[in-house]
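Below: one structure, written as structure tokens.
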Amino acid sequence: APQFVGYANLPNQVFRKAVKRGFDFTLMVVGQSGLGKSTLINSLFMSDIYEDSTYNGSGIRMPKTTQIRSSTVHVQEGGVHLELTVIDTPGFGDVVDNSQCWKPITEHVNSLFEEFLNAESRVIREAMEDRRVHVCLYFIAPTGHGLKQVDIEFMKELCEKVNVIPVIAKADTLTPEECSRFKKTIMNEIHENGIKIYQFPDSEGDEEEAAANKKLRDAIPFAVVGSNTVVEVSGKKVRGRLYPWGVAEVDNLSHCDFTTLRNMLVRTHMQDLKDVTDNVHYENYRCQKLAGFSG
Ligand code: GDP
Ligand code: MG
């Protein structure tokens with residue numbers, strides 16, 4: 001039977017800024033169905049986000065996601081409390097008409113903003129739970145050809161509401177050359193279409209941080225591989241996907257950007273993602289809402 005890898009060893013730095021009050025963080029995944037969204041969030045954060053009963057014999061099949069589904073897990077690490085919510089969404093592409101297929105998702109983001117707005121008027125802000133969506137991973141099919149029209153329209157809509165980070169799904173199906181060419185094509189299309197994805201901050205003054213941010217900028221869209229099974233590579237147990245010609249290792253930096261993505265999410269950029277959500281996306285929502293109220 002396959003072993004499932006938990007998410008037990010969060011680095012302590014994650015919590016530096018939130019040692020006292022704990023951390024609320026919400027991540028959403030969006031994209032065409034079958035691209036590995038459910039598998040990746042399981043690999044990223046915890047195997048137990050889906051109950052064991054949802055796995056079949058081979059251990060890697062996820063149930064088809066048919067509705068927007070939130071799962072919250074509490075992680076206690078070094079005495080610090082992290083409340084992590086993952087929002088899994090049904091993939092589009094299963095219906096003929098995909099126009100406006102982002103609607104249920106942007107409406108869900110809005111409803112969480114609205115909840116926050118209502119709570120804000122009732123309680124002291126510092127003591128509030130923050131259930132807003134802080135980051136959205138947008139999954140791009142590993143075709144090698146570029147974005148689909150639906151990707152362009154979907155990301156355009158999402159970018160107005162949340163921090164969008166594009167990822168190339170199932171990167172193990174591309175050669176490294178194909179992958180880096182594909183990344184360039186995608187970034188060109190993102191710029192040409194005026195899609196405002198999450199920007200890694202400019203770290204003025206801190207050279208080390210600036211270099212790290214440049215590296216992240218260059219790696220976008222992150223090429224990811226998801227798997228919840230453990231395979232053996234020269235005597236070592238690693239998370240990966242087994243092929244006749246070898247193993248695509250999830251946590252190996254030279255195989256894909258999985259570790260880079262996970263580190264930036266939970267370690268280096270969690271606070272910035274929360275800040276941008278609050279200062280930009282939530283503010284936009286609030287202003288539109290208030291403008292609406294006053295006519
Ligand atoms: P979702 O519909 O986007 O949630 O996709 P799922 O997570 O349900 O995965 C769909 C299928 O793709 C499953 O059979 C997975 O085992 C497989 N899969 C998931 N991640 C990867 C990956 O990184 N590489 C490859 N080759 N297959 C994957
Ligand atoms: Mg799914």
Side-chain angles (χ1 to χ4, degrees), residues 7 14-15 17-31 37-38 40-42 44-46 48-51 65-76 80-92 100-139 154-165 196-199 265-266 269-295:
Y7 194 66
V14 177
F15 307 108
K17 286 187 175 158
V19 172
K20 271 202 181 132
R21 57 174 289 251
F23 232 119
D24 302 320
F25 190 74
T26 299
L27 169 139
M28 185 166 80
V29 291
V30 173
K37 296 183 294 297
S38 301
L40 189 83
I41 55 181
N42 245 16
L44 271 176
F45 296 111
M46 52 249 137
D48 56 356
I49 194 155
Y50 295 106
E51 320 75 63
T65 315
T66 53
Q67 57 188 42
I68 293 177
R69 176 183 162 164
S70 292
S71 320
T72 301
V73 288
H74 305 265
V75 184
Q76 187 94 24
V80 183
H81 174 80
L82 173 68
E83 187 160 289
L84 184 69
T85 301
V86 175
I87 303 177
D88 200 355
T89 63
F92 54 84
Q100 308 218 313
C101 55
W102 56 83
K103 266 233 164 113
I105 293 170
T106 53
E107 274 165 15
H108 188 69
V109 173
N110 269 346
S111 73
L112 296 170
F113 279 149
E114 174 139 17
E115 253 173 49
F116 193 84
L117 184 64
N118 292 338
E120 205 173 35
S121 57
R122 286 197 302 268
V123 299
I124 311 158
R125 202 165 173 180
E126 293 308 304
M128 273 170 63
E129 282 188 348
D130 182 4
R131 308 217 154 279
R132 295 170 296 183
V133 181
H134 301 112
V135 67
C136 172
L137 301 181
Y138 188 89
F139 284 62
F154 213 128
M155 277 197 276
K156 259 190 172 162
E157 295 290 328
L158 280 173
C159 284
E160 301 297 325
K161 306 249 167 242
V162 287
N163 292 316
V164 172
I165 296 182
K196 294 172 280 177
I197 58 170
Y198 171 67
Q199 293 294 309
L265 287 176
V266 301
H269 288 72
M270 188 180 264
Q271 190 59 51
D272 190 61
L273 289 163
K274 282 170 73 86
D275 290 345
V276 176
T277 300
D278 193 45
N279 299 334
V280 179
H281 298 299
Y282 179 64
E283 264 320 292
N284 282 342
Y285 171 82
R286 232 167 51 92
C287 289
Q288 280 167 17
K289 187 91 188 171
L290 294 176
F293 277 141
S294 58

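Computed from a predicted model, the values in this text were never measured in an experiment. For reference, positions follow the sequence shown, starting with 1.
Checked against salt bridge (charged side-chain N to carboxylate O under 4.0 Å, His left out), K156 has no partners two or more places apart in sequence or in another chain. Applying the ring pair (Phe, Tyr, Trp, His ring centres under 6.0 Å) test to F113 and every residue at least two apart in sequence or in another chain returns Y282, Y285. For the side chain to side chain contact (heavy atoms under 4.5 Å, CB included) test, residues two or more places apart in sequence or in another chain that qualify with E107 are K103. Taking the side chain to side chain donor-acceptor pair (under 3.5 Å) definition, one finds that K161 meets it with N110, sequence neighbours left out. Under the salt bridge (charged side-chain N to carboxylate O under 4.0 Å, His left out) criterion, E160 pairs with K196, not counting sequence neighbours. Every side chain to side chain donor-acceptor pair (under 3.5 Å) that T277 has, sequence neighbours left out, goes to N163.
For the pair L137/L44, a side-chain contact is recorded, criterion being any heavy-atom separation below 4.5 Å from C-beta on. Using a 4.5 Å heavy-atom cutoff, the side chains of L27 and H134 are not in contact. No side-chain heavy atom of H281 sits less than 4.5 Å from a side-chain heavy atom of V109. W102 is not listed as a side-chain neighbour of V30, based on a closest heavy-atom distance of 4.5 Å or more. Taking the side chain as every heavy atom from C-beta outward, H269 and V135 never approach each other to under 4.5 Å. In this structure the side chain of R131 reaches within 4.5 angstrom of the side chain of E83, judged on heavy atoms.
Rounding to the nearest 0.5 Å places CG of L117 at 7.0 Å from NZ of K289. Of the inter-residue distances, the one linking L273 atom CG with Q271 atom CD reads 9.5 Å to the nearest 0.5 angstrom. Here CD1 of I165 is found 15.0 Å from OH of Y138. Values are rounded to the nearest 0.5 Å. Note that CG of L112 and CD of E114 are 10.5 Å apart. Values are rounded to the nearest 0.5 Å.
T89 contributes a side-chain N or O that, together with a main-chain N or O of V29, makes up a donor-acceptor pair within less than 3.5 Å. Judged purely by atom type and a 3.5 angstrom limit, K37 uses its side chain to pair as donor or acceptor with the backbone of G31.
Looking at every heavy atom in both residues, D278 comes nearest to R132 through OD1-NH1, 2.8 Å. L265 and M270 make their closest contact through O-CB, 3.2 Å (heavy atoms, listed as atom of the first residue, atom of the second, distance). Scanning both residues, C159 and I197, for their nearest heavy atoms gives SG-N, 3.9 Å. Of all heavy-atom pairs spanning I68 and P90, the tightest one is N-CD, 3.7 Å. Nearest heavy atom pair, residue D130 against residue T26, reads O-OG1, 4.5 Å.
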